[in-house]
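Down below is the structure, laid out as structure tokens.
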2 protein chains.
Amino acid sequence: MSCTITLQQKGYRLTPQRMMVLDIIHDSKGHISAEEIHQRVRQRYPFVNISTVYRTLNLLKKLHLISETDMGEGYVRYELLERGRHHHLVCRRCGQSFAFEHESLKPLQARLLKEYGFAADLDHFAIFGLCQRCRPAEGKAGAREESQRGDD
Amino acid sequence: MSCTITLQQKGYRLTPQRMMVLDIIHDSKGHISAEEIHQRVRQRYPFVNISTVYRTLNLLKKLHLISETDMGEGYVRYELLERGRHHHLVCRRCGQSFAFEHESLKPLQARLLKEYGFAADLDHFAIFGLCQRCRPAEGKAGAREESQRGDD
DNA sequence: GTTGCAGTTGCAATGAGTTGCACAATAACA
DNA sequence: TGTTATTGTGCAACTCATTGCAACTGCAAC
């Protein structure tokens, strides 16, 4: 795996714990939570501590090998960055999430660099809002008295 | 305060606890943390619980009266949205944060709407990256062996 | 007035994630 | 090979934030 090489190139140790975490993120389709990673690591080696998982994830994040995204579920999800880079639109009404191309963020990235000299890390964004289907519904449900106050 | 009217218009009760939280956010210059709000509320009325503060903040957030931003400090900051809307660029190296105009996000917002039919809530963004001053430094400190591995 | 009920609060428990510290594993080097 | 310095791990304690639940509040209907 290319990640393992990067880790070692950067002078970090490739410990069994780190290999297991990397393996599991690699095997998982899509985004995976820290708790899930921990559980799967423990199936192989039951003595790995959750803090080690978190520390490994933070290290991989720092090296831009994985992305960390809050999809509004109460915990954070991780994903390998080698895959085609994409981001997520999360509907605050129906909860569905939709991928969108990294391309869409490039103008913003360029603008921040040009106007503010700021090199933005746009590894993975989750943008909240209303999806196409929920947009009309939300528009109507303005006042609270009718039905259910537009609670999410 | 306009917020109090909005709260009542939407059919929510304007309780003393909520008034105190709103007051304090209003009086505070810039962003304020939940813990800070709680402490200041308790100076006036010592029996208010932190969970009430959080619940009030979540309600105000839902009504788009305040914005919630993770500036990477280990806790979240809140701010009234009536003020001139702006966002933050947070340097992951020196920790400084710089405001940027909401204007810069409008093209992205328009693009998401046009291409995906998605109405993005862009109340307050904190974008991480490298500021103008730290950019050259980071470029050099690639390999870990020299100095301190580019730790943040 | 009192009953019913939705909305709200305080409290305690819980969950996700982080940190400090002692010890273990590895690297560096004589 | 043995010694020392550095890095990484496990554990426990901690922080920030959320949740479940019982009790309280305001208001409308009777």
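Naming: A, B, ... by sequence-line order, numbering from 1 per chain.
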Once you round to the nearest 0.5 Å, how far does NE2 of B:His102 lie from CG of B:Leu122?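 If I round to the nearest 0.5 Å, the distance is 6.0 Å.
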Give [X] one of three labels, base, sugar-phosphate or nothing, depending on what nucleic acid heavy atoms sit under 4.0 Å from its own.
| X | result |
| --- | --- |
| B:Glu35 | nothing |
| A:Tyr54 | base |
| B:Arg55 | base |
| B:Thr15 | sugar-phosphate |

Establish, with yes or no, whether the OP1 or OP2 oxygen of [N] is under 4.0 angstrom from a side-chain nitrogen or oxygen of [X].
| X | N | result |
| --- | --- | --- |
| A:Gln17 | D:dG10 | yes |
| A:Ser51 | D:dG10 | no |
| B:Asn49 | C:dT9 | no |

Any side-chain heavy-atom pair of A:His124 and A:His31 under 4.5 Å: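 A side-chain contact under 4.5 Å exists here.
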Rounding to an integer number of Å, can you tell me how far [X] [atom1] sits from [N] [atom2]?
| X | N | atom1 | atom2 | value |
| --- | --- | --- | --- | --- |
| A:Phe47 | C:dA24 | CZ | C1' | 15 Å |
| A:Glu73 | C:dG17 | CD | P | 11 Å |
| B:Tyr45 | C:dT9 | OH | P | 11 Å |
| A:Gln39 | C:dA16 | CD | C1' | 14 Å |
| A:Asp70 | C:dG17 | CG | C1' | 12 Å |
| B:Leu14 | C:dT8 | CG | C1' | 13 Å |
| A:Arg42 | D:dC11 | CZ | C1' | 13 Å |
| B:His38 | D:dT15 | NE2 | P | 15 Å |

For C:dT9, does the base pair up with any side-chain atom of B:Arg18 as donor and acceptor (N or O, under 3.5 Å, distance only)?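 No.
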Taking atom types as they are modelled, is there a donor-acceptor pair under 3.5 Å from the base of C:dT26 to the side chain of A:Arg13?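 For A:Arg13, whose side chain was compared with the base of C:dT26, there is a donor-acceptor pair (under 3.5 Å).
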Would a distance-only check, ignoring hydrogens and angles, find a side-chain to backbone donor-acceptor pair under 3.5 Å from B:His38 to B:Val48?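 Looks like yes, one N/O pair under 3.5 Å.
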If you count the non-hydrogen atoms of other residues, nucleotides and ligands that lie under 6.0 Å from CD in B:Glu73, is the total more than 12?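 Atom CD in B:Glu73 is packed in, count exceeds 12.
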Check this for me: B:Arg44, atom CZ, are more than 12 non-hydrogen atoms of other residues, nucleotides or ligands nearer than 6.0 Å?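 Enclosed.
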